[in-house]
Amino acid sequence: MVSFLEGRPQNIAACQSVVSEAKSAQKPPAPPGFLSISRKQFLHNLDLEINAGARVHAWVDSMRASSPTHIKSSTPSIADDGGSWNLNHPSALEMFEQIIDASKEKQIVMFLDYDGTLSPIVADPDRAFMSKKMRKTVKKLAKCFPTAIVSGRCRDKVYNFVKLAELYYAGSHGMDIKGPQKLSKSNQDTELLFQPASEFLPMIDEVYKQLVETTKSTPGAKVENNKFCLSVHFRCVDEKKWSELAQQVKSVLKEYPKLRLTQGRKVLEIRPTIKWDKGKALEFLLESLGFADCTDVFPVYIGDDRTDEDAFKILRDRGQGFGILVSKFPKDTSASYSLQEPDEVMDFLQRLVEWKELSVKLN
Ligand SMILES: O=P(O)(O)OC[C@H]1O[C@H](O[C@H]2O[C@H](CO)[C@@H](O)[C@H](O)[C@H]2O)[C@H](O)[C@@H](O)[C@@H]1O
């Protein structure tokens, strides 16, 4: 059932290039036995080990920073950063009129992350439900503007939470894109389905099993299979055990140089080393929607996580539309505006709907 939108040669080329890049990734040589190596080699290996240890600490620190657990004195709040956060990333609700002015005569296209954006963060990833009110708002939004959900989750899972067939879905950090089914002129189903990492499926399944086995000794650890990528959840693990869990993940991954790690909110995400992320998915969707070289398109991307930064950056680099970061804390971000929590996201989306409905009535 794998098919592309007709006439999209650039997409196919992009797909081939990401796959061939992964194919050329080199597996590092197996470490030689201690007795058979030179002093130079030994020191080199030691250096690698020390760097690897430092990397584990960096992952753990980075996870802590991206989702502070408690409001510690060292965690700057929006109120006490001297106003610079509000100045550089003002509230999208407060700036609503300016945002609308900037989008005048342009086609707004909406991109929404799921966890922490449409649904509040909860301890159990299988219970991250979206409220009925939020679903109703997103449904109305999709009637006004093309709308896509872009998530780290497996596409089917995020669809089961959102349950709106009229949306575009980019699951597994954009490595699994599907659009609403349409009938073409010849009455055949034309389906948008793009999966640039399909060749990694067996490897991801293998690593999933190994991670489940390796991490089962760490109470609270959970491994989630997101089809083209995996998540190892730290949220229910005692913080004192975070480094140990990160080491366990690293020990499995060292055998898989074609996979890489990224961090999210109390989660380590394992994904193929292909050049594909939420930013690339955003560009792919714009192209699929017919806005490839358009100057009159206004994409708005709302997300709360590090992985959403790839999409914020693309919008900044293109000088089109803007990103909105959902956060209660000041963070390093390429987003232009901010909202504090999913409830504010819902208010913002509702205002967009009301504005659009009114402008249709007036015209
Ligand atoms: O791109 P997203 O839609 O934001 O997905 C990123 C990760 O989201 C989920 O984990 C996060 O939300 C969970 C439920 O609220 C929470 O328990 C967890 O701590 C968060 O990291 C999802 O479960 C992951 O697989 C995604 O990678």
Side-chain angles (χ1 to χ4, degrees), residues 59-60 62-69 110-131 134 138 147-162 167-177 197 204 207-208 211-212 215 220-239 242 245-246 249 259-272 276-282 285 301-312 323-328 331 333 335 339 341-343 345:
W59 293 335
V60 168
S62 174
M63 256 190 311
R64 270 195 198 106
S66 69
S67 197
T69 322
M110 295 299 299
F111 296 90
L112 307 168
D113 166 56
Y114 184 73
D115 290 279
T117 298
L118 295 182
S119 70
I121 292 293
V122 291
D124 180 356
D126 294 333
R127 302 194 58 77
F129 303 114
M130 168 175 169
S131 69
M134 180 68 98
V138 175
T147 302
I149 306 288
V150 186
S151 172
R153 298 255 189 184
C154 149
R155 178 167 52 78
D156 288 348
K157 208 166 187 180
V158 80
Y159 179 82
N160 284 332
F161 281 133
V162 179
L167 307 186
Y168 291 82
Y169 289 86
S172 308
H173 294 290
M175 288 179 284
D176 191 4
I177 301 182
I204 293 284
V207 173
Y208 171 69
L211 282 172
V212 169
T215 61
K222 182 176 170 92
V223 188
E224 190 181 4
N225 192 336
N226 285 329
K227 192 165 180 178
F228 295 103
C229 51
L230 303 166
S231 291
V232 179
H233 289 276
F234 284 60
R235 189 165 295 275
C236 297
V237 175
D238 183 340
E239 262 194 60
W242 280 18
L245 181 56
V249 174
L259 299 179
R260 67 182 169 114
L261 263 177
T262 51
Q263 308 104 27
R265 299 181 67 173
K266 300 206 169 102
V267 72
L268 280 181
E269 292 160 329
I270 292 108
R271 44 171 145 166
W276 199 263
D277 52 37
K278 289 181 171 184
K280 292 270 193 299
L282 176 148
L285 279 161
Y301 188 105
I302 312 183
D304 71 316
D305 218 338
R306 261 168 194 275
T307 57
D308 299 310
E309 290 296 330
D310 295 318
F312 297 152
I324 302 178
L325 177 72
V326 185
S327 178
K328 282 188 194 293
K331 283 181 186 170
T333 181
L339 289 168
E341 55 199 354
D343 276 352
V345 173

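In this text the structure is predicted, and so the values were computed from the model without any measurement. Just so you know, ligand 1 is whichever comes first in the structure, and atom 1 is the first atom listed for that ligand.
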Atom pair CG/OG1 of Leu325 and Thr333 - distance to nearest 0.5 Å
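With rounding to 0.5 Å, CG (Leu325) is 4.5 Å from OG1 (Thr333).
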Identified salt bridge (Lys or Arg N to Asp or Glu O under 4.0 Å) counterpart of Arg265 within the set Asp304, Asp115, Asp308:
Asp304
Return a table of N or O atom pairs, ligand 1 on one side and protein on the other, at distances under 3.5 Å, rounded to 0.1 Å.
{"from": "ligand 1", "atom 1": "1 (O)", "to": "Asp113", "atom 2": "OD1", "distance (Å)": "2.9"}
{"from": "ligand 1", "atom 1": "1 (O)", "to": "Gly152", "atom 2": "N", "distance (Å)": "2.7"}
{"from": "ligand 1", "atom 1": "1 (O)", "to": "Lys278", "atom 2": "NZ", "distance (Å)": "2.6"}
{"from": "ligand 1", "atom 1": "3 (O)", "to": "Asp113", "atom 2": "OD1", "distance (Å)": "3.0"}
{"from": "ligand 1", "atom 1": "3 (O)", "to": "Asp115", "atom 2": "N", "distance (Å)": "3.2"}
{"from": "ligand 1", "atom 1": "3 (O)", "to": "Asp115", "atom 2": "OD2", "distance (Å)": "3.4"}
{"from": "ligand 1", "atom 1": "3 (O)", "to": "Ser151", "atom 2": "OG", "distance (Å)": "2.7"}
{"from": "ligand 1", "atom 1": "4 (O)", "to": "Asp113", "atom 2": "OD1", "distance (Å)": "2.8"}
{"from": "ligand 1", "atom 1": "4 (O)", "to": "Asp113", "atom 2": "OD2", "distance (Å)": "3.3"}
{"from": "ligand 1", "atom 1": "4 (O)", "to": "Asp115", "atom 2": "O", "distance (Å)": "3.3"}
{"from": "ligand 1", "atom 1": "8 (O)", "to": "Asp115", "atom 2": "OD2", "distance (Å)": "3.1"}
{"from": "ligand 1", "atom 1": "12 (O)", "to": "Asp115", "atom 2": "OD1", "distance (Å)": "3.4"}
{"from": "ligand 1", "atom 1": "15 (O)", "to": "Val122", "atom 2": "N", "distance (Å)": "2.8"}
{"from": "ligand 1", "atom 1": "15 (O)", "to": "Val122", "atom 2": "O", "distance (Å)": "3.3"}
{"from": "ligand 1", "atom 1": "17 (O)", "to": "Val122", "atom 2": "O", "distance (Å)": "2.5"}
{"from": "ligand 1", "atom 1": "19 (O)", "to": "Arg235", "atom 2": "NE", "distance (Å)": "2.5"}
{"from": "ligand 1", "atom 1": "19 (O)", "to": "Arg235", "atom 2": "NH2", "distance (Å)": "3.2"}
{"from": "ligand 1", "atom 1": "19 (O)", "to": "Arg265", "atom 2": "O", "distance (Å)": "3.2"}
{"from": "ligand 1", "atom 1": "21 (O)", "to": "Arg265", "atom 2": "O", "distance (Å)": "2.5"}
{"from": "ligand 1", "atom 1": "23 (O)", "to": "Glu224", "atom 2": "OE1", "distance (Å)": "2.6"}
{"from": "ligand 1", "atom 1": "23 (O)", "to": "His233", "atom 2": "NE2", "distance (Å)": "3.3"}
{"from": "ligand 1", "atom 1": "25 (O)", "to": "Glu224", "atom 2": "OE1", "distance (Å)": "2.6"}
{"from": "ligand 1", "atom 1": "25 (O)", "to": "Asn226", "atom 2": "ND2", "distance (Å)": "2.9"}
{"from": "ligand 1", "atom 1": "25 (O)", "to": "Ser231", "atom 2": "OG", "distance (Å)": "2.8"}
{"from": "ligand 1", "atom 1": "27 (O)", "to": "Ser231", "atom 2": "OG", "distance (Å)": "3.1"}
{"from": "ligand 1", "atom 1": "27 (O)", "to": "Glu269", "atom 2": "OE2", "distance (Å)": "2.6"}

Quick one: sort the Tyr169 and Tyr159 rings into parallel, tilted or perpendicular, breaks at 30° and 60°.
perpendicular
Can you tell me how the ring of Phe129 sits relative to the ring of Phe161, calling it parallel under 30°, perpendicular over 60° and tilted otherwise?
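Judged by the thresholds at 30° and 60°, the geometry between Phe129 and Phe161 is perpendicular.
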Is it the case that Ser172 and Lys227 place a side-chain donor and acceptor less than 3.5 Å from each other?
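There is no such pair (donor and acceptor under 3.5 Å, judged by atom type) between the side chains of Ser172 and Lys227.
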Sorted by chain and residue number, the side-chain hydrogen bond (donor to acceptor under 3.5 Å, both in side chains) partners of Asn226 (sequence neighbours excluded) come out as Ser231
